Amino acid sequence: MGSRILAGRYELQDKIGEGGMAVVFKARDRLLSRFVAIKILRPEYTKDAMFIESFRRESQIAAGLVHPNIVNVYDVGKEGNIYYIVMELIEGRPLSDIIKEEGPLDPYRAADIAKQVASALSMAHKHQLIHRDVKPHNIMITQDGTAKITDFGIAKAVTGGTLVGEQQEAVMGSVHYFSPEQARGAYVDEKSDIYSLGIVLYEMLTGKVPFDGDTAVAVAVKHMNEEMTPPSELNPDIPQDLEEIVMKATNKLQTGRYRSADEMITALNFVKFSKTARNSGGLTPALAKGAKGSEEVTTGGRKKGDDAESEENEESGGRRFNWAYVVLILAALMLAIPASAFVRSMMSGSDPNEIRPGDIVQAPEIVGHTLDEAEEILKEFGLDVKVGMELPSNDVAEGVILSQTPDAGASIKSGQSIEVNVSKGKVDGSVPDVVGKSLANARTMLETYKFKVGVVSEEVSETVPKGTVISQSPVAGTTYPDGSEITLVVSLGSEKDVARSKFNVEGKSLDEAKKQIEELDLKLGEISYVEDINRKEDTVITQSPAPGMAIAEGDTIDLVVSKEPEAPEPVIEPEPETPPAPVTNAVAVWIDYSPAVNEDFTMTVTVSDSVNSPRTPLSQAARHKSDNGESFSAEGSGPDGKVLVFFDNALVYEYDVNFDTGEIH
């Protein structure tokens, strides 16, 4: 496309990418003199008012996220029927291209990328923002290996590989990566992003997605109903711990996944890369092969069939390397180390088997036990139990643990807690207490109890954090029919929180801006000055974050402020040098009359060169064809002369003349 200016500021240059919903351009921010990426929505999505409002709201929230693994959003705007997002320009490649070109990634590298993406999701989830479309195409990898996720909150459209439901919160995301609840059109929360990240990790480790099909619907059905092939069956070099993380993150049930992105990061930090799923016994592949008895060994430590070779070596005076001695030496060393620890512990009076705070232990299985039983079991491992939610269950008795995090067998430090969800017994139709919970957790809890979230209103509260349920109707404990709607009142935060959400100092004086920043408990960041003849000096031109974007207490506000243009310094033009006069030469040009149509005709000659203006030394002069021709003297300067000859105003001859050398062509 040709150069176009958006908002009088962003100069569009090259198209650098496109997708089902938007086209991305490289652009220059003329105000701040920097390059940015601008994503422009395709026209077909600008006609849906609900889509546009959701796009605007969630993009503004995303713009408030500042994190090293999130592509920064600088601005959100509209010009005419063009809706656009201004983003950080990333020098790198999409993760999808890397997987396509390199195939399965090294497990350590895959885990590192997953941790970076999980860290970005953690930040978003803490701001009540669900990505909904975590996939390799939306993860950029910079030249130094940093992963940056993009496209928060704008994946709400239908492409060839995307499904959308009819609920208020539509089913979104590329079908190969979205969760079973997205496929069903059910409630989407933070754990939906964790599922998608698990699929991305699966693809990084194997080079393939776990579910594929001819249609989007077929793939969605597989996400809901089919068991996933363990990644180690496709790549046996995957660490066992890493495979367990993939399988837990992609559990069909939301309650079976990691409770948060931070919890998934913790699990990734404890991966033992030396222990593969193929060889869960912890031996190296070579020793594992021997341990499985794949080679028959005699009591002397040699394989059958080696006798002849051994005798041959002995006869030649050589000595055969005896692996039995090596095994005995290794065994002695393995026994000596704990034995020495035992001796030291006896001398110091401590129990050698005692678990100390900070020791790494394996989490025991406590699902199916009561809380009292779980406490006794965990006490032996130096662990505590923490109750997460009490959920109804028609299958598990009241007071019995339904699930635990981390799972049994996972590595955990002594002194930490295992979080559990406990059964409340059969559903009795009573409304649960969701006051004090986030709106997302309240919704999950109510749906578990077979209720629906009804009208959600918002109120200012100086005591209840933003996004937290203040009250519910009916109150907890009320008996209500299944499927009934529960009305919730959610906190908007304090008066200052509300004021920060409307913070806009553009067009105000710098002093006024500083005053508002201080009153709202914000921090004044960098002030940049630009010349602007249309505004008074010290007027705020733009602010970052932009108006309407999420701003929290303590956030830094950068300002661009006007200043009067400086008077230009007078420019003294040097006296022009008088060029030497051009040398004029005459060149004889023979003009043949034979092309003339009539016996009596008029002839016109024009001469031009690179020095003098075009001229006509001969105009409408009478000539006779029977005179055969004449030699015409053309005068000019330089090598680029041209002589045109007209008979009765019709061009007959065109000569290229070098007046310096006299050559004619």
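When a residue number appears, it is its place in the shown sequence, counting from 1. Treat the numbers as computed from the prediction; the structure is a model and nothing was measured.
- Within the 4.5 Å cutoff, side-chain heavy atoms of Thr150 are placed close to those of Met87.
- Here Tyr195 and His223 bring their ring centres to under 6.0 angstrom of each other.
- Counting heavy-atom neighbours within 6.0 Å of Lys208 NZ, excluding the residue itself, gives a total of 12 or less.
- The shortest distance between side-chain heavy atoms of Ile98 and Leu105 falls below 4.5 Å.
- Checked by atom type and distance alone, the side chain of Asp648 never pairs as donor or acceptor with a backbone atom of Met603 at under 3.5 Å.
- Distance check: Met204 CE to Ile99 CD1 gives 6.5 Å after rounding to the nearest 0.5 Å.
- Side-chain contact check for Ile38 versus Ile40: some heavy-atom pair is nearer than 4.5 Å.
- At least one donor-acceptor pair closer than 3.5 Å links the side chain of Asp193 to the backbone N or O of His131.
- The closest donor-acceptor contact from the side chain of Gln543 to the backbone of Val505 lies under 3.5 Å.
- Contact check for Ile5 versus Arg30: side-chain heavy atoms found under the 4.5 Å cut-off.
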*Yes or no on salt bridge (charged side-chain N to carboxylate O under 4.0 Å, His left out) for Asp29 and Arg9, after CA distance, side-chain angles and deciding distance?*
CA-CA 6 Å; Asp29 183 343; Arg9 174 175 177 179; 2.9 Å; yes
*Show your working on side chain to side chain contact (heavy atoms under 4.5 Å, CB included) between Thr539 and Leu510 and close with a plain yes or no.*
CA-CA 6 Å; Thr539 299; Leu510 179 58; over 6 Å; no
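- Between Arg623 and Asp600, the closest side-chain pair of non-hydrogen atoms is not below 4.5 Å.
- Glu102 and Arg93 are joined by a salt bridge, as a carboxylate oxygen and a charged side-chain nitrogen come within less than 4.0 angstrom of each other.
- With hydrogens and angles ignored, the 3.5 Å screen pairs a side-chain donor or acceptor of Tyr653 with a backbone N or O of Asp592.
- Between Pro231 and Leu234 the shortest side-chain heavy-atom distance does not fall below 4.5 Å.
- With 3.5 Å as the limit, one finds a donor-acceptor pair spanning the side chains of Thr142 and Asp144.
- No salt bridge links Glu203 with Lys135; every basic N to acidic carboxylate O contact stays at or beyond 4.0 Å.
- Asn235 and Leu205 make their closest contact through ND2-O, 2.9 Å (heavy atoms, listed as atom of the first residue, atom of the second, distance).
- Closest approach of Thr604 to Gln620, counting heavy atoms only: OG1-N, 3.0 Å.
- In this structure, Leu31 and Thr542 have side chains that are in contact, with non-hydrogen atoms separated by less than 4.5 Å.
- A distance of 10.5 Å separates NZ in Lys508 from NZ in Lys515, rounded to the nearest 0.5 Å.
- Of the inter-residue distances, the one linking Ser544 atom OG with Ile557 atom CD1 reads 8.0 Å to the nearest 0.5 angstrom.
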*Would you sort out whether Gln182 and Ser196 count as a side chain to side chain contact (heavy atoms under 4.5 Å, CB included), showing the intermediate values?*
CA-CA 10 Å; Gln182 286 175 287; Ser196 298; 4.2 Å; yes
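- Between the side chain of Ser562 and the main chain of Lys536, a donor-acceptor pair closer than 3.5 Å is present.
- A salt bridge between Arg615 and Asp609 is present, with a side-chain N of the basic residue lying under 4.0 Å from a carboxylate O of the acidic one.
- Under a 3.5 Å cut-off, the side chain of Lys222 and the backbone N or O of Phe211 do not form any donor-acceptor pair.
- The heavy-atom pair separating Val175 from Ala216 by the smallest distance is CG2-O, 3.2 Å.
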*side-chain hydrogen bond (donor to acceptor under 3.5 Å, both in side chains) assessment of Ser626 paired with Glu599*: CA-CA 7 Å; Ser626 56; Glu599 168 62 22; 2.8 Å; yes
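- Within 6.0 Å of atom NZ in Lys78, more than 12 heavy atoms from other residues, nucleotides or ligands are found, so the atom counts as buried in its surroundings.
- The CG atom of Asn72 lies 12.0 Å from the CG atom of Leu89; values are rounded to the nearest 0.5 Å.
- Taking 4.5 Å as the limit, some side-chain heavy atom of Tyr529 sits within range of a side-chain heavy atom of Asp538.
- When every heavy atom of Lys148 is checked against every heavy atom of Ile70, the shortest pair comes out as NZ-O, 4.1 Å.
- For the atom pair NE2 of His127 and CG of Leu129, the computed distance is 9.0 Å after rounding to the nearest 0.5 Å.
- To the nearest 0.5 Å, atoms OH (Tyr655) and CH2 (Trp590) are separated by 10.0 Å.
- The neighbour count for Glu518 CD, taken as heavy atoms of other residues, nucleotides or ligands under 6.0 Å away, does not exceed 12.
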*Is there a side-chain hydrogen bond (donor to acceptor under 3.5 Å, both in side chains) between Asp75 and Tyr10 once you walk through the steps?*
CA-CA 11 Å; Asp75 195 5; Tyr10 303 110; 3.1 Å; yes
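- Side-chain N or O atoms of Asn69 include none that pairs as donor or acceptor with a backbone N or O of Val117 at under 3.5 Å.
- Put simply, the side chain of Arg500 gets close to the backbone of Leu520: a donor and an acceptor are under 3.5 Å apart.
- By the 4.0 Å N-to-carboxylate-O rule, Lys523 lies too far from Asp555 to be salt-bridged with it.
- Heavy atoms only, all atoms of each residue included: Gly213 and Val219 are closest at N-CG2, 3.3 Å.
- Without hydrogens or angle criteria, Asp14 side chain to Ile16 main chain gives no donor-acceptor distance under 3.5 Å.
- For Lys26 and Phe35, the positive end sits near the middle of the six-membered ring, less than 6.0 Å away and at most 45° from its axis.
- Here the closest heavy-atom approach between residue Pro639 and residue Asn658 is recorded as CA-OD1, 3.3 Å.
- In this structure, Thr616 contributes its side chain and Ser619 its backbone to no donor-acceptor pair below 3.5 Å.
- Within 6.0 Å of NZ on Lys563 lie more than 12 heavy atoms contributed by other residues, nucleotides or ligands.
- In this structure, Arg34 is positioned above the aromatic face of Tyr74, its NZ or CZ under 6.0 Å from the six-membered ring centre and within 45° of the axis.
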_Working note: Ser509 + Glu512, criterion side-chain hydrogen bond (donor to acceptor under 3.5 Å, both in side chains); need CA distance, chi angles, decisive distance, verdict._
CA-CA 5 Å; Ser509 70; Glu512 288 180 275; 3.2 Å; yes
*Evaluate the side chain to side chain contact (heavy atoms under 4.5 Å, CB included) criterion for residues Asp627 and Tyr593: first the C-alpha distance (whole Å), next the side-chain angles of each, then the deciding distance (0.1 Å), finally the verdict.*
CA-CA 8 Å; Asp627 292 339; Tyr593 294 165; 3.8 Å; yes
*Stepwise side chain to side chain contact (heavy atoms under 4.5 Å, CB included) check, Ile141 with Ile139*: CA-CA 7 Å; Ile141 307 298; Ile139 300 170; 4.1 Å; yes
